Chemist: 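One structure, pasted below without further comment.
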Amino acid sequence: MDTDGKIDLDKLKYILADKIEEAPERYNFTWNGKKQAMKLAQQPSKATLKPNKEKSKNWDTTENLYIEGDNLEVLKLLQKSYSNKVKLIYVDPPYNTGKDFVYKDNFKDSIENYLEQTGQVDRDGNKLSVNTDTSGRYHTDWLNMMYPRLKLARNLLTEDGVIFLSIDDNELQNLLKMLDEVFGPNNFVGIISVENNPKGRKNSSFISVSSEYLVVYSKNKDKSYFIENVPKNASDMKLDENGRYVHNSGKRVLVGDNSFNDVVTNVNSKKNYSVYYQSEQDEVIIKRESKIEDSDYNLESQGYKRYFSSNQGNLVLNTYTKEKFMELFSNKALEFSDDKIFEKNFNDTIRIKSQLVNKKYEAIVNGRKENFNFDLTTTGAGTHLKNLFQISVSPFSAPKNVGLLRSIITLIDEKDCIVLDFFSGSSTTAEAVMTQNSIDLGNRRFIMIQLPENLEENLKTADNDAKKTIQAAIKYLAGIEKNRTLPAIAEKRIDLAGDKIATENPLLADQLDIGFKVFELDKSNVKKWNLETENIVEQLDFIENNFEPNSTSLDVVYEIMLKQGLDLACSVVEHQVGSSTIYDIAYGAMLVVLGDAIESKVAEFIINKIKEEDAENSVVVFQDNKFVDDSEKLNTIEALNANGIQYDDILSI
């Protein structure tokens with residue numbers, strides 16, 4: 001700053017001399033609107049998420065979330081509550097094919113823009129659902145749509161979290177460049193080719209396309225890892241003498257001829273020992289020996305066979321310590337051949353490959369032979385949905401296969417985590433999470449986010465194939481749901497899939513979370529103070545009640561939870577104290593007091609509730625203008641503070 005409080009650019013350039021790129025030309029990935037897209041990710045949201053119990057399933061017990069709204073605004077709203085908490089993100093964004101492109105962001109007012117888009121027309125009645133390849137902004141529109149959403153999504157990932165993105169040829173290169181910028185090129189994990197259409201597309205001009213891509217990035221590659229999750233072919237395994245499947249090849253030599261281990265230089269090393277094995281009695285004796293010639297003839301005369309490690313006439317160290325070796329022996333994990341001792345390979349999975357292809361084979365799954373069907377196809381997904389809904393036409397166009405999503409989910413070792421899909425579409429991700437939990441008793445949770453596209457409006461511009469699926473969805477919803485939207489049919493899919501999973505696993509039915517809480521993106525429940533209005537009645541009404549007229553108490557509670565960074569799945573218990581309603585959130589973590597006449601006696605209830613639940617660092621929020629008078633307000637605050645609640649933790653709304 002200079003003496004006038006302004007930035008001196010020349011001085012700043014001097015200070016940053018070695019940091020400034022002076023070259024006139026350098027590699028840079030940019031497009032029209034990029035700066036605005038970056039700003040868009042940083043603009044705070046003026047919206048909120050309102051709970052809808054009627055659309056939900058198992059509201060009081062479920063931890064799964066389904067959120068109807070523009071994912072840009074929703075991702076902003078989730079920042080405080082879910083920052084660094086999501087282990088896995090999967091998205092299947094709209095492919096830039098020149099049609100069905102409904103995500104058009106307004107850089108000025110996102111929530112107003114969203115409310116327009118839910119009708120899918122702008123202020124002048126023009127359609128918002130087409131991004132034709134003749135448009136000069138064909139690629140930039142898609143990039144501007146994706147960039148801020150990816151920026152916000154990255155914040156939600158845990159340090160070891162990963163993101164998977166399905167994409168086709170149209171924007172693959174641009175997506176990779178954009179992800180390099182958002183996640184860093186060093187966090188690129190790989191590209192997987194997914195055979196989703198084995199017969200190939202008949203409308204391809206040069207190559208019959210049978211696959212699409214799955215792009216994988218991590219938040220911090222040094223902390224992320226995948227486990228082996230593809231079942232091995234039964235032909236590669238055999239039963240050992242104890243009836244367990246072991247791999248035919250690739251066995252590790254523990255004792256025997258070994259060119260990899262070091263020559264013994266210290267005879268007292270923990271890895272220097274000979275093994276004497278008596279097969280009839282299945283007994284092992286360990287002896288430390290200093291030379292190859294140091295054989296115990298007495299043991300050999302009793303039927304013990306000697307094993308030792310050597311290389312070119314030199315005694316070498318064994319692979320494991322004596323203690324580790326004996327542990328494997330006790331676990332029946334050793335194979336004794338004529339001259340070597342191997343470690344049995346019981347692992348019945350292999351690492352996922354960069355080419356995922358559809359195949360059926362006899363596999364070893366959890367120690368048993370099973371006919372394994374690795375189905376990644378779109379047609380297979382469609383057939384599954386027809387069976388699930390018991391209709392002749394799938395209600396979703398080009399849905400992802402549950403098999404694909406399960407193959408992604410099972411790469412993650414952690415079974416108690418959050419899985420996010422913010423272009424959730426048919427909600428295959430939700431079904432995959434519930435299915436996998438039923439298989440391995442995991443406690444994964446899902447968060448689905450989907451723009452509430454109007455199916456009847458989409459029908460007007462859809463191609464023939466898409467029309468069939470949309471018509472099927474509309475017909476199915478006709479008797480059960482007045483709103484013909486994509487989330488309506490997706491929520492029904494989760495409902496049906498959850499019931500099916502519970503029916504197929506009756507012993508686990510009480511343990512499985514097959515429900516979901518529905519939230520809807522909307523304007524804030526809190527009125528904005530208008531400094532410019534001349535309507536005194538309006539301002540007096542604001543003083544009387546600062547909540548929007550269509551807002552319920554529960555709407556307000558969940559908005560406060562978002563602002564305070566609490567999980568939307570937290571328990572919310574309602575208590576009545578006089579004319580006040582007290583909401584106990586997350587067992588005393590936060591208490592919200594609303595009502596028409598708040599009195600100081602609410603303090604006693606709050607204090608007792610916090611003690612009862614043994615809560616620490618509790619936050620208490622009051623509807624400020626609903627206290628009976630200033631004296632009651634002051635007495636309430638002082639009583640809370642006297643009982644350990646800090647002034648900074650007593651808030652007003």
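Below, each value reflects all heavy atoms present in this structure, side chains not excepted, and no hydrogens, waters or symmetry copies. Being a predicted model, the structure only gives us computed values, none of them experimental.
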Chemist: Please report the C-alpha distance between Lys500 and Glu504 in whole Å, then the side-chain angles of each, then the deciding distance to 0.1 Å, and finally whether the salt bridge (charged side-chain N to carboxylate O under 4.0 Å, His left out) criterion is met.
Modeler: CA-CA 6 Å; Lys500 182 174 183 290; Glu504 292 172 348; 2.7 Å; yes
Chemist: Any sub-3.5 Å donor-acceptor pair from Arg493's side-chain atoms to Ser426's backbone N or O?
Modeler: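 Indeed, once roles are kept as given, a pair shorter than 3.5 Å links the two residues.
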Chemist: For Phe389 and Tyr476, take the angle between the two ring planes, folded into 0 to 90°, and tell me which bin it lands in: parallel under 30, tilted 30 to 60, perpendicular over 60.
Modeler: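 Perpendicular: the ring planes of Phe389 and Tyr476 meet at over 60°.
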Chemist: Is the backbone of Asn401 close enough, under 3.5 Å, to the side chain of Thr428 for a donor and an acceptor to pair up by distance?
Modeler: no
Chemist: Side-chain contact test, heavy atoms from C-beta onward, threshold under 4.5 Å: evaluate it for Tyr82 versus Asn155 and give yes or no.
Modeler: no
Chemist: Output all residues satisfying salt bridge (Lys or Arg N to Asp or Glu O under 4.0 Å) with Glu228, sequence neighbours left out; order by chain, then residue number.
Modeler: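 If we apply the salt bridge (Lys or Arg N to Asp or Glu O under 4.0 Å) test to Glu228, skipping adjacent residues, there are no hits.
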Chemist: When you measure from the side chain of Asn229 to the backbone N and O of Ser407, does any donor-acceptor pair fall under 3.5 Å?
Modeler: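 Yes: the side chain of Asn229 pairs with the backbone of Ser407.
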Chemist: Is Leu486 close to Leu451 at the side-chain level, that is, under 4.5 Å between some pair of heavy atoms?
Modeler: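 Side-chain contact under 4.5 Å: no.
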Chemist: Identify whether NZ of Lys or CZ of Arg in Arg149 sits under 6.0 Å from the centre of the six-membered ring of Phe422 and within 45° of that ring's axis.
Modeler: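 No, Arg149 and Phe422 do not form such a contact.
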Chemist: Under a 3.5 Å cutoff, is there a donor and acceptor pairing between the side chains of Thr62 and Asp513?
Modeler: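 Short answer, yes.
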Chemist: Decide yes or no for Ser618 and Asp649: does some side-chain heavy atom of the first lie under 4.5 Å from some side-chain heavy atom of the second?
Modeler: no
Chemist: Are the side chains of Leu40 and Tyr147 in touch, meaning some heavy atoms are under 4.5 Å apart?
Modeler: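 The answer is no; the side chains never approach within 4.5 Å.
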Chemist: Counting distance only, does the side-chain N/O of Lys53 pair as donor-acceptor with the main-chain N or O of Trp59 below 3.5 Å?
Modeler: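 No; zero donor-acceptor contacts below 3.5 Å.
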Chemist: Among Leu385, Leu388, Leu477, which one satisfies side-chain contact (heavy atoms from CB on, under 4.5 Å) with Pro395?
Modeler: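 When side-chain contact (heavy atoms from CB on, under 4.5 Å) is applied between Pro395 and each of Leu385, Leu388, Leu477, only Leu385 qualifies.
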Chemist: Report the residue from Val433, Asp421, Ile494 that forms a side-chain contact (heavy atoms from CB on, under 4.5 Å) with Ser427.
Modeler: Ile494
Chemist: Can you list the residues that meet the side-chain contact (heavy atoms from CB on, under 4.5 Å) rule with Ala432, with sequence neighbours excluded?
Modeler: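 With neighbours one apart ignored, the set is Val402, Leu405, Arg406, Ile409.
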Chemist: Within a strict 4.5 Å, meaning less than it, do heavy atoms of the Glu159 and Lys219 side chains meet?
Modeler: yes
Chemist: Looking at side-chain heavy atoms only, is the closest gap between Leu172 and Val215 below 4.5 Å?
Modeler: yes
Chemist: For Asp555 and Lys50, indicate whether the former's side chain and the latter's backbone hold a donor-acceptor pair under 3.5 Å.
Modeler: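 No, Asp555 side chain to Lys50 backbone: no donor-acceptor pair under 3.5 Å.
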Chemist: Would you say Ser424's side chain and Ile449's backbone share a donor-acceptor pair under 3.5 angstrom?
Modeler: yes
Chemist: Can you find a pair of side-chain heavy atoms, one from Tyr558 and one from Lys517, that are under 4.5 Å apart?
Modeler: yes
Chemist: Can you name the salt bridge (Lys or Arg N to Asp or Glu O under 4.0 Å) partners of Glu195, sequence neighbours left out?
Modeler: none
